[in-house]
Amino acid sequence: MFDDFTAFAKAVLRCPSCDGDGLALSDKWLKCPVCDEKFAADPDMRFATLLPPSVQGDAAKQNIQKWWGDLYEQLYGETDRNLTTENLAEMVDSFEDLMKIRRHLAAVEMPLADLAGKHVLEIGPGGGGHSCLFKKYGAQVTVADITPERALSATRKLSLMTGPDSAGFNADGENLPFRDNSFDIVYSNGVLHHSENTDKCIDEVLRVLKPGGMAVIMLYSRYSAIFWLNIAPRALLTGELFRWPEAQWIGRLTEGRPKFGTTKNPFTRVYSKAEMRTAFHRFDIRSLRKSSFQFDNFAFPKLSQLRNAVFRMFGRKPHPGGVLVYGAPYQPETKLELALGPVAGFSWNIVAKKPDQDDGNTTNA
């Protein structure tokens, strides 16, 4: 669609500072013709930093960048330093197999067989494994992540994949640097609920989708084993429940611990079914499926290690497809765990269509 990065910038990008269209590429900069703001760009890599200056003074967004930059190094740093075109292709194939086994959003809700020729935006690509899978199926993929390390990681992986040209941006999901009606599909797996303002992110998803385009998104479930039997009890025992607003105490108790810094995960939100429908009330909701339950979701010390030890005892090895996105081989759910996912799982997987004519009053199907 856009083999030339200059053409892509003019046709798809808009200024995150003033919302002006038609960013012009000049050497290593993208310049806004409206407000004259300049943004660093690498046209050879098809990458640019499109964060407004206000992000630098926003403590919450800075903490989001610090935490997810820390987790990037924990999960993806070593893998990224040893990537080649050949081993990445093998890793993507293995990752796809794992996603199918897990009945994951990327393999169930995402229409892989129909992606050829589609323009897909992934918000919060992590290390880029999901986007690489979509590019494998012929999609033109654009990625946006507020954390520089993660945006670059995904962009570099995409550059190693054969297929349509891709592009990557260090950008804020609450203020996407893209024109209205630009993408056929917006995909985001477990990311928007970590934003400072998730509702604003969902509004941005609607804005940048083409009329009739699809949002394929995962957000965490409130009514899940891991929330009520793990996160909430730990919040009570540690006192975090009484110190912070809900999104912040859940954040501090999810996604792991910092290793290269001291900043904890700033935000995590959870949603009931009704809250999901309210969040996507301007879309036509096509499907809403709960998944992702494992027996280590309960708040017992070393339960994950015990689960893995039991599997090893019975010869069930972790799947190598986890390396690309989890930083290590991953033990997928058993048939029983998969069966319990729709009841007690932590993931809401939603497919929601942007109305052909968005009048702002669309109700859920």
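Note on ring orientation: taking the six-membered ring where Trp is involved, the planes of Tyr72 and Tyr76 are tilted (angle from 30° to 60°). Ring orientation note: the planes of Trp249 and Phe227 are close to parallel, at an angle under 30° on the 30°/60° scale.
Between Lys100 and Glu96 there is a salt bridge, since a side-chain N of the basic residue sits under 4.0 Å from a carboxylate O of the acidic one. Contact check on Arg14 versus Asp21 returns no salt bridge, with no Lys/Arg side-chain nitrogen under 4.0 Å from an Asp/Glu carboxylate oxygen. Electrostatic pairing of Glu109 and Arg289 counts as a salt bridge here, judged by a charged N lying under 4.0 Å from a carboxylate O. With salt bridges taken as basic N to acidic carboxylate O contacts below 4.0 Å, none links Glu73 and Lys259. The residues Asp284 and Arg286 are annotated as salt-bridged, a charged nitrogen and a carboxylate oxygen being separated by less than 4.0 angstrom.
Considering Lys118, His119, Lys210 in turn, Lys210 is the only one that fulfils the side-chain hydrogen bond (donor to acceptor under 3.5 Å, both in side chains) rule with Asp184. Partner of Asn265 under the side-chain contact (heavy atoms from CB on, under 4.5 Å) criterion, out of Leu71, Leu253, Thr254: Thr254 alone. Checked against Glu246 for a salt bridge (charged side-chain N to carboxylate O under 4.0 Å, His left out), the options Arg222, Arg252, Arg269 give a single hit: Arg222.
Separation of the Phe178 and Phe183 ring centroids falls under the 6.0 Å cut-off. Between Trp67 and His194, the gap from one ring centroid to the other reaches at least 6.0 Å. Between Phe283 and Phe280, a ring centre-to-centre spacing shorter than 6.0 Å is recorded. Taking the six-membered ring for Trp and the full ring otherwise, the centers of Phe47 and Phe169 sit at least 6.0 Å from each other.
Of the possible donor and acceptor atoms, none in the side chain of His193 sits under 3.5 Å from a partner among the backbone N and O of Leu219. A distance-only check finds a donor-acceptor pair linking the side chain of Lys354 to the backbone of Leu206 [under 3.5 Å]. Formation of a donor-acceptor pair under 3.5 Å by the Glu174 side chain with backbone atoms of Thr198 is not found in this model. With Asp97 contributing its side chain and Ser94 its backbone, the two residues share no donor-acceptor pair below 3.5 Å.
A donor atom on one side chain and an acceptor atom on the other are not found under 3.5 Å apart for Arg312 and Asn308. Checked by atom type, the side-chain pair Asp70/Thr263 shows no donor-acceptor distance below 3.5 Å. No hydrogens or angles considered: a donor-acceptor pair under 3.5 Å links the side chains of Glu122 and Ser131. Side-chain contact annotation: Gln331 with Arg316, donor-acceptor N/O pair under 3.5 Å present. Side-chain contact of Ser153 with Lys157: a donor-acceptor pair under 3.5 Å is present, judged by distance alone.
In this structure, Lys290 forms no cation-pi arrangement with Tyr223, as its terminal cationic atom is not both closer than 6.0 Å to the ring centre and no more than 45° off the ring axis.
Summarising the local packing, CD of Gln56 is surrounded by 12 or fewer heavy atoms from other residues, nucleotides or ligands at distances under 6.0 Å. Heavy-atom neighbours of Lys273 NZ from other residues, nucleotides or ligands within 6.0 Å: at or below the threshold of 12.
The CG atom of Leu115 lies 11.5 Å from the NZ atom of Lys136; values are rounded to the nearest 0.5 Å.
Annotation: side chain to side chain donor-acceptor pair (under 3.5 Å) contacts of Asp180 (sequence neighbours excluded): Arg207.
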